[in-house]
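Working notes, structure below.
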Amino acid sequence: CRYYPCHEMQGELNCLFCYCPLYFLENCGGECSYTKKGIKDCSACLRIHDENSWEFIQRRLIEENRRITAAWDAAHPEEAAAEKEKKKGE
């Protein structure tokens, strides 16, 4: 990769998540900052490049999915109840 190494870090750099799947989250759990134009800058973050990155990302995505699902269910109670009934019958 022409960008390797993208971060200064000790030890082995895990490039499995070259582009962070948590970038879309305002509170991603990593070390980010924002530019003057409001663009998220993750260049100082090493959170997804260590040996625990897979578990961390999976846990955060599951948490976000639950949060979004709960918000949707609260906003659409009739549809949510119908979906739960449908799953009971499967």
Side-chain angles (χ1 to χ4, degrees):
C1 174
R2 70 181 191 180
Y3 299 108
Y4 184 84
C6 57
H7 299 280
E8 297 290 330
M9 67 181 286
Q10 295 180 0
E12 190 173 327
L13 180 64
N14 181 343
C15 297
L16 176 64
F17 298 111
C18 179
Y19 294 97
C20 183
L22 304 177
Y23 182 82
F24 73 98
L25 297 174
E26 186 173 339
N27 181 13
C28 60
E31 299 294 324
C32 68
S33 60
Y34 288 86
T35 67
K36 291 178 183 178
K37 293 184 178 184
I39 298 170
K40 193 173 186 178
D41 177 5
C42 305
S43 60
C45 183
L46 303 175
R47 188 65 183 102
I48 65 163
H49 295 296
D50 66 22
E51 65 276 358
N52 299 314
S53 61
W54 177 259
E55 291 83 11
F56 173 75
I57 288 174
Q58 293 302 306
R59 187 173 58 251
R60 284 295 289 123
L61 290 175
I62 289 168
E63 289 170 3
E64 189 63 16
N65 183 30
R66 287 180 179 149
R67 186 190 69 75
I68 290 169
T69 300
W72 191 91
D73 288 351
H76 305 91
E78 292 176 8
E79 291 93 336
E83 186 66 26
K84 286 180 185 179
E85 285 300 316
K86 181 180 172 185
K87 286 182 181 181
K88 284 182 183 178
E90 292 178 354

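Hydrogens, waters and symmetry mates play no part in the numbers below; they use all other heavy atoms, side chains included.
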Review item, side-chain donor-acceptor pairs of residues 17-29, under 3.5 Å, at least two apart:
unit_1: Tyr23; atom_1: OH; unit_2: Lys40; atom_2: O; d: 3.4

Contact summary for Cys42 and Cys32, nearest pair of heavy atoms:
SG-CB, 4.2 Å
Salt bridge (Lys or Arg N to Asp or Glu O under 4.0 Å) contacts in which one or both residues fall within residues 53-77, not counting sequence neighbours
Arg60-Glu63, Glu64-Arg67
What do you reckon, is CH2 of Trp54 surrounded by more than 12 foreign heavy atoms closer than 6.0 Å?
no
Neighbour count >12 (heavy atoms, 6.0 Å) for atom CD, Gln58:
yes
Hydrophobic cluster partners of Ile68 (side-chain heavy atoms under 4.5 Å)
none
Rounded distance [0.5 Å steps], CD1 in Ile39 versus OH in Tyr34:
11.5 Å
